[in-house]
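What follows is one structure encoded as C-alpha coordinates, with my remarks underneath.
A, B, ... follow the sequence lines: proteins, then strands. Residue 1 opens every chain.
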Amino acid sequence: MTYTQIGLMAVIVAVLVDLFVLRTALVKRKLFWMSYAIIVFFQFITNGVLTGSMIVRYSGDAIIGGDYPETTPPLIGDGRLFFAPIEDLLFGFPMILLVLSVWVWLGRRGLDRLPYSGPPPKWWPKGGWFGTTK
Amino acid sequence: MPLSLDLAVLEPFAYIGVLVFVLVVTLPLQLVLKARVYSKPLRLVISLIPMLVLFLIWDFYAIDRGHWFFDEDRVTGLTIGILPIEELLFFITVPIASLLTFEAVRSIKGWSAGDEGKAKS
(Lines give C-alpha, C1' and ligand atoms only; values in the text may rest on other atoms or scores of the structure.)
Protein backbone atom coordinates (compact mmCIF):
# COMPACT_ATOMS: atom_id res chain seq x y z
CA MET A 1 0.00 0.00 0.00
CA THR A 2 1.06 3.58 -0.62
CA TYR A 3 1.30 6.34 1.95
CA THR A 4 -1.78 7.89 0.32
CA GLN A 5 -3.85 4.74 0.75
CA ILE A 6 -2.79 4.07 4.35
CA GLY A 7 -3.45 7.71 5.21
CA LEU A 8 -7.00 7.63 3.87
CA MET A 9 -7.60 4.41 5.76
CA ALA A 10 -6.26 5.95 8.97
CA VAL A 11 -8.57 8.96 8.67
CA ILE A 12 -11.58 6.68 8.22
CA VAL A 13 -10.58 4.48 11.18
CA ALA A 14 -10.01 7.47 13.48
CA VAL A 15 -13.36 9.06 12.58
CA LEU A 16 -15.16 5.72 13.08
CA VAL A 17 -13.51 5.32 16.49
CA ASP A 18 -14.50 8.85 17.46
CA LEU A 19 -18.11 8.45 16.31
CA PHE A 20 -19.01 4.82 16.93
CA VAL A 21 -16.46 3.09 19.15
CA LEU A 22 -15.69 5.65 21.87
CA ARG A 23 -18.67 7.83 20.87
CA THR A 24 -16.84 11.02 21.75
CA ALA A 25 -18.07 12.69 18.52
CA LEU A 26 -15.27 15.24 18.55
CA VAL A 27 -15.66 15.74 14.80
CA LYS A 28 -19.03 17.32 15.58
CA ARG A 29 -17.59 19.82 18.07
CA LYS A 30 -16.25 23.29 17.37
CA LEU A 31 -13.75 22.83 20.22
CA PHE A 32 -12.09 20.08 18.19
CA TRP A 33 -12.05 21.96 14.88
CA MET A 34 -10.73 25.18 16.41
CA SER A 35 -7.98 23.17 18.12
CA TYR A 36 -7.19 21.29 14.92
CA ALA A 37 -6.96 24.54 12.95
CA ILE A 38 -4.32 25.81 15.39
CA ILE A 39 -2.50 22.48 15.45
CA VAL A 40 -2.38 22.15 11.65
CA PHE A 41 -0.98 25.69 11.35
CA PHE A 42 1.94 24.69 13.56
CA GLN A 43 2.21 21.37 11.76
CA PHE A 44 2.85 23.31 8.55
CA ILE A 45 5.68 25.20 10.25
CA THR A 46 7.46 22.35 12.04
CA ASN A 47 6.84 19.81 9.30
CA GLY A 48 7.92 22.40 6.77
CA VAL A 49 11.25 22.63 8.57
CA LEU A 50 11.68 18.85 8.66
CA THR A 51 10.73 18.31 5.01
CA GLY A 52 11.99 21.57 3.49
CA SER A 53 15.45 20.97 4.97
CA MET A 54 15.20 17.34 3.85
CA ILE A 55 15.73 15.85 7.29
CA VAL A 56 12.78 13.66 6.27
CA ARG A 57 12.33 12.63 2.65
CA TYR A 58 9.72 10.59 0.83
CA SER A 59 9.65 8.06 -1.95
CA GLY A 60 7.81 9.24 -5.06
CA ASP A 61 6.32 5.73 -5.27
CA ALA A 62 4.45 6.17 -1.99
CA ILE A 63 2.96 9.66 -2.42
CA ILE A 64 0.99 11.66 -5.00
CA GLY A 65 3.98 13.92 -5.65
CA GLY A 66 7.30 13.02 -7.17
CA ASP A 67 10.76 12.13 -5.90
CA TYR A 68 13.16 14.81 -4.69
CA PRO A 69 16.27 12.83 -3.79
CA GLU A 70 18.77 15.68 -4.03
CA THR A 71 16.82 18.93 -4.14
CA THR A 72 14.33 20.66 -1.86
CA PRO A 73 10.75 19.73 -2.81
CA PRO A 74 8.43 22.54 -3.94
CA LEU A 75 6.94 24.84 -1.30
CA ILE A 76 3.52 24.28 -2.86
CA GLY A 77 2.69 22.06 -5.82
CA ASP A 78 3.34 18.52 -7.04
CA GLY A 79 1.41 17.08 -4.12
CA ARG A 80 3.32 19.22 -1.64
CA LEU A 81 2.01 21.74 0.85
CA PHE A 82 4.67 23.78 2.66
CA PHE A 83 7.32 21.29 1.48
CA ALA A 84 5.55 18.31 3.07
CA PRO A 85 3.56 15.76 1.08
CA ILE A 86 -0.15 16.45 1.47
CA GLU A 87 -0.38 12.88 2.80
CA ASP A 88 1.11 14.20 6.04
CA LEU A 89 -2.32 15.71 6.71
CA LEU A 90 -3.71 12.16 6.52
CA PHE A 91 -1.10 11.20 9.11
CA GLY A 92 -1.44 14.07 11.55
CA PHE A 93 -5.21 14.32 11.58
CA PRO A 94 -6.00 10.72 12.62
CA MET A 95 -3.07 10.71 15.06
CA ILE A 96 -4.46 13.76 16.85
CA LEU A 97 -8.12 12.73 16.62
CA LEU A 98 -7.36 9.31 18.09
CA VAL A 99 -5.43 10.74 21.04
CA LEU A 100 -8.02 13.44 21.76
CA SER A 101 -10.86 10.94 21.46
CA VAL A 102 -9.31 8.58 24.03
CA TRP A 103 -8.47 11.58 26.23
CA VAL A 104 -12.09 12.79 26.26
CA TRP A 105 -13.40 9.24 26.65
CA LEU A 106 -11.24 8.85 29.77
CA GLY A 107 -12.60 12.15 31.07
CA ARG A 108 -16.12 10.85 30.58
CA ARG A 109 -15.23 7.69 32.43
CA GLY A 110 -14.35 9.89 35.37
CA LEU A 111 -10.62 9.29 35.40
CA ASP A 112 -10.14 12.82 36.67
CA ARG A 113 -11.99 14.51 39.45
CA LEU A 114 -11.78 17.68 37.40
CA PRO A 115 -11.67 16.58 33.78
CA TYR A 116 -11.52 19.98 32.14
CA SER A 117 -9.02 22.83 32.09
CA GLY A 118 -8.74 26.45 33.09
CA PRO A 119 -9.39 29.08 34.09
CA PRO A 120 -6.94 31.29 32.20
CA PRO A 121 -5.34 34.10 34.26
CA LYS A 122 -7.41 37.13 35.15
CA TRP A 123 -5.61 39.39 32.69
CA TRP A 124 -6.59 37.10 29.81
CA PRO A 125 -9.30 38.63 27.54
CA LYS A 126 -12.80 37.47 28.32
CA GLY A 127 -13.83 34.21 26.75
CA GLY A 128 -15.44 32.29 29.53
CA TRP A 129 -14.79 29.23 31.55
CA PHE A 130 -17.14 26.67 33.03
CA GLY A 131 -18.78 28.24 36.02
CA THR A 132 -17.41 31.70 35.35
CA THR A 133 -19.56 32.64 32.35
CA LYS A 134 -23.29 33.27 32.42
CA MET B 1 43.17 27.94 22.10
CA PRO B 2 40.30 27.69 19.62
CA LEU B 3 37.26 29.34 21.09
CA SER B 4 35.04 29.09 18.04
CA LEU B 5 31.98 26.93 18.51
CA ASP B 6 31.53 24.57 15.64
CA LEU B 7 27.80 24.42 15.02
CA ALA B 8 28.27 21.24 13.05
CA VAL B 9 28.37 19.35 16.34
CA LEU B 10 24.68 20.21 16.71
CA GLU B 11 23.75 18.69 13.37
CA PRO B 12 22.73 15.26 14.71
CA PHE B 13 20.24 17.03 16.97
CA ALA B 14 18.34 18.76 14.15
CA TYR B 15 15.26 16.53 14.24
CA ILE B 16 15.23 16.24 18.03
CA GLY B 17 15.67 20.02 18.23
CA VAL B 18 12.40 20.54 16.38
CA LEU B 19 10.67 18.29 18.93
CA VAL B 20 12.21 20.16 21.86
CA PHE B 21 11.01 23.38 20.25
CA VAL B 22 7.47 21.98 20.11
CA LEU B 23 7.54 21.16 23.83
CA VAL B 24 9.03 24.51 24.82
CA VAL B 25 6.61 26.72 22.88
CA THR B 26 3.57 24.80 24.14
CA LEU B 27 4.66 24.85 27.79
CA PRO B 28 2.91 28.21 28.49
CA LEU B 29 -0.39 26.56 27.56
CA GLN B 30 0.00 24.43 30.66
CA LEU B 31 1.58 27.07 32.90
CA VAL B 32 -0.35 30.19 31.91
CA LEU B 33 -3.62 29.03 30.35
CA LYS B 34 -3.99 26.12 32.81
CA ALA B 35 -4.38 23.44 30.17
CA ARG B 36 -4.08 20.59 32.64
CA VAL B 37 -2.27 17.95 30.63
CA TYR B 38 1.04 17.35 32.42
CA SER B 39 -0.89 17.35 35.69
CA LYS B 40 -2.81 14.28 34.50
CA PRO B 41 0.00 11.84 33.75
CA LEU B 42 -2.12 8.68 33.94
CA ARG B 43 -4.78 10.05 31.62
CA LEU B 44 -2.04 11.31 29.31
CA VAL B 45 -0.22 7.97 29.10
CA ILE B 46 -3.39 5.94 28.52
CA SER B 47 -4.50 8.41 25.84
CA LEU B 48 -1.30 7.81 23.89
CA ILE B 49 -1.31 4.01 23.96
CA PRO B 50 -3.83 3.07 21.22
CA MET B 51 -2.34 5.68 18.88
CA LEU B 52 1.20 4.52 19.66
CA VAL B 53 0.36 0.91 18.81
CA LEU B 54 -1.26 1.76 15.47
CA PHE B 55 1.13 4.49 14.38
CA LEU B 56 4.30 2.66 15.37
CA ILE B 57 3.15 -0.30 13.25
CA TRP B 58 2.49 2.15 10.41
CA ASP B 59 5.86 3.85 10.89
CA PHE B 60 7.81 0.58 10.95
CA TYR B 61 5.99 -0.55 7.81
CA ALA B 62 6.55 2.77 6.02
CA ILE B 63 10.26 2.92 6.88
CA ASP B 64 10.68 -0.74 5.91
CA ARG B 65 9.00 -0.09 2.54
CA GLY B 66 10.94 3.14 2.06
CA HIS B 67 7.89 5.40 2.05
CA TRP B 68 9.93 7.87 4.06
CA PHE B 69 13.51 8.00 5.32
CA PHE B 70 15.78 10.21 7.36
CA ASP B 71 18.96 12.17 6.80
CA GLU B 72 21.45 10.15 8.83
CA ASP B 73 23.52 13.27 9.51
CA ARG B 74 20.66 15.00 11.27
CA VAL B 75 19.32 12.30 13.55
CA THR B 76 21.09 11.09 16.68
CA GLY B 77 21.59 7.59 15.31
CA LEU B 78 19.81 6.02 18.27
CA THR B 79 17.26 3.58 16.91
CA ILE B 80 14.74 0.94 17.88
CA GLY B 81 15.33 -1.55 15.11
CA ILE B 82 14.92 0.51 11.95
CA LEU B 83 13.05 3.25 13.80
CA PRO B 84 14.98 6.39 14.74
CA ILE B 85 14.37 7.31 18.38
CA GLU B 86 13.20 10.70 17.09
CA GLU B 87 10.14 9.04 15.59
CA LEU B 88 9.11 7.59 18.94
CA LEU B 89 9.66 11.00 20.55
CA PHE B 90 7.59 12.57 17.78
CA PHE B 91 4.67 10.32 18.76
CA ILE B 92 4.93 11.59 22.33
CA THR B 93 5.70 15.29 21.90
CA VAL B 94 3.26 16.15 19.10
CA PRO B 95 0.24 14.55 20.82
CA ILE B 96 1.17 16.34 24.07
CA ALA B 97 1.33 19.65 22.18
CA SER B 98 -2.03 18.81 20.59
CA LEU B 99 -3.64 17.99 23.93
CA LEU B 100 -2.27 21.23 25.38
CA THR B 101 -3.78 23.14 22.45
CA PHE B 102 -7.13 21.41 22.85
CA GLU B 103 -7.26 22.06 26.59
CA ALA B 104 -6.04 25.64 26.19
CA VAL B 105 -8.82 26.39 23.70
CA ARG B 106 -11.27 24.83 26.14
CA SER B 107 -9.84 26.92 28.96
CA ILE B 108 -10.14 30.14 26.98
CA LYS B 109 -13.37 29.61 25.12
CA GLY B 110 -15.23 27.46 27.60
CA TRP B 111 -16.46 25.20 24.79
CA SER B 112 -17.55 21.72 25.75
CA ALA B 113 -15.63 18.56 24.88
CA GLY B 114 -18.38 16.36 26.26
CA ASP B 115 -16.50 15.10 29.32
CA GLU B 116 -17.40 17.88 31.75
CA GLY B 117 -20.13 15.85 33.40
CA LYS B 118 -22.03 17.82 36.00
CA ALA B 119 -19.40 20.55 36.05
CA LYS B 120 -20.98 22.24 33.03
CA SER B 121 -24.65 22.71 33.69
Side-chain angles (χ1 to χ4, degrees), chain A residues 1-3 6 10 13 17 24-26 29-32 34-36 38-39 42-43 46 49-50 53-59 61-63 91-92 94-96 98-100 102-112 114-121 124-125 127-133, chain B residues 14-15 18-19 21-22 25-26 29-30 32-37 40 42-44 46-51 54-55 58 61-62 65-71 73-75 86 91 94-117 119-121:
Chain A
M1 280 199 293
T2 66
Y3 184 12
I6 301 172
V13 168
V17 167
T24 41
L26 292 180
R29 289 186 182 275
K30 63 180 173 183
L31 172 61
F32 170 76
M34 173 60 80
S35 305
Y36 181 68
I38 296 166
I39 292 163
F42 286 99
Q43 178 185 338
T46 53
V49 170
L50 289 173
S53 69
M54 300 195 296
I55 293 173
V56 185
R57 281 174 291 169
Y58 300 81
S59 161
D61 296 334
I63 58 177
F91 189 97
M95 179 176 87
I96 290 158
L98 194 54
V99 170
L100 290 177
V102 177
W103 173 265
V104 169
W105 181 79
L106 290 169
R108 280 191 175 177
R109 304 270 299 178
L111 187 69
D112 290 307
L114 206 63
Y116 45 83
S117 284
W124 192 266
W129 177 64
F130 310 111
T132 63
T133 47
Chain B
Y15 187 170
V18 172
L19 300 177
F21 173 81
V22 167
V25 299
T26 53
L29 301 177
Q30 164 88 19
V32 180
L33 296 182
K34 303 291 188 292
R36 300 198 185 95
V37 173
K40 297 165 182 189
L42 180 64
R43 188 178 177 186
L44 172 58
I46 299 173
S47 298
L48 296 181
I49 290 172
M51 177 280 296
L54 293 173
F55 279 74
W58 183 358
Y61 173 84
R65 293 299 176 98
H67 288 185
W68 52 75
F69 42 96
F70 308 92
D71 182 349
D73 292 336
R74 285 178 290 174
V75 290
E86 283 86 349
F91 288 127
V94 172
I96 287 175
S98 302
L99 282 166
L100 284 166
T101 305
F102 182 77
E103 289 296 345
V105 172
R106 166 150 56 170
S107 166
I108 293 165
K109 304 301 289 185
W111 292 342
S112 169
D115 63 353
E116 294 84 6
K120 187 179 173 69
S121 52

Quick one: of [options], who has the most non-hydrogen atom pairs under 4.5 Å with chain B?
options                    : value
A:L50, A:I38, A:I96, A:T2  : A:L50
A:V13, A:D61, A:I63, A:L98 : A:L98
A:V56, A:L26, A:T24        : A:V56
A:M34, A:R29, A:M1, A:Q43  : A:R29
A:Y36, A:W105, A:Y58       : A:Y58

Rounded distance (nearest 0.5 Å) linking atom [atom1] of [X] with atom [atom2] of [Y]:
X     : Y      : atom1 : atom2 : result
A:Y3  : B:W58  : OH    : CH2   : 5.5 Å
A:L31 : B:E103 : CG    : CD    : 7.5 Å
B:R43 : A:L111 : CZ    : CG    : 7.0 Å

**Report entry** Derivation of the side-chain contact (heavy atoms from CB on, under 4.5 Å) call for B:K40 and A:L106
**Finding:** CA-CA 11 Å; B:K40 297 165 182 189; A:L106 290 169; over 6 Å; no

Query raised in the report: Would you say B:R65's side chain and A:A62's backbone share a donor-acceptor pair under 3.5 angstrom?
Result: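 No, the answer is negative, given that no donor and acceptor are paired below the 3.5 Å cut-off.
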
**Report entry** B:R36 side-chain N/O to A:G118 backbone N/O, donor-acceptor pair under 3.5 Å
**Finding:**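 Yes, because the side chain of B:R36 sits within donor-acceptor range (under 3.5 Å) of the backbone of A:G118.
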
Could you report the tightest heavy-atom contact between [X] and [Y], atom names first, then the distance?
X      : Y      : value
B:A14  : A:I55  : CB-CD1, 3.6 Å
B:G66  : A:S59  : O-CB, 3.1 Å
B:T101 : A:S35  : CG2-O, 3.9 Å
A:V104 : B:A113 : CG1-O, 3.4 Å
A:S117 : B:R106 : N-NE, 4.4 Å

Do [X] and [Y] come within less than 4.5 Å of each other through their side chains, counting heavy atoms only?
X     : Y      : value
B:M51 : A:V102 : no
B:S98 : A:M95  : no
A:V49 : B:F21  : no

Query raised in the report: At a heavy-atom separation under 4.5 Å, does A:A10 approach chain B through its side chain, its backbone, both, or neither?
Result: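 Just its side chain gets close to chain B.
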
Requested in this report: Can you sort out the partners of A:F42 under ring-ring contact (aromatic ring centres under 6.0 Å, His included), two or more places apart, ordered by chain and number?
Outcome: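 Partners of A:F42 by the ring-ring contact (aromatic ring centres under 6.0 Å, His included) criterion come out as none, since no residue qualifies.
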
Query raised in the report: In terms of heavy-atom pairs under 4.5 Å with chain A, which of B:D71, B:V32, B:L54, B:L33 leads?
Result: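 With the most close heavy-atom pairs to chain A, the winner is B:L33.
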
Query raised in the report: Got a sec: does the CE of A:M54 have more than 12 other heavy atoms crowding it under 6.0 Å?
Result: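 Yes, the 6.0 Å shell around CE holds more than 12 heavy atoms from other groups.
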
Query - is_close_aromatic(A:W103, B:F102), centroid dist under 6.0 Å - result: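 When the ring centroids of A:W103 and B:F102 are compared, they turn out to be at least 6.0 Å apart.
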
Query raised in the report: Measuring heavy-atom distances to chain A, does B:V22 have an atom under 4.5 Å in its side chain, in its backbone, in both, or in neither?
Result: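 Contact with chain A: side chain only.
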
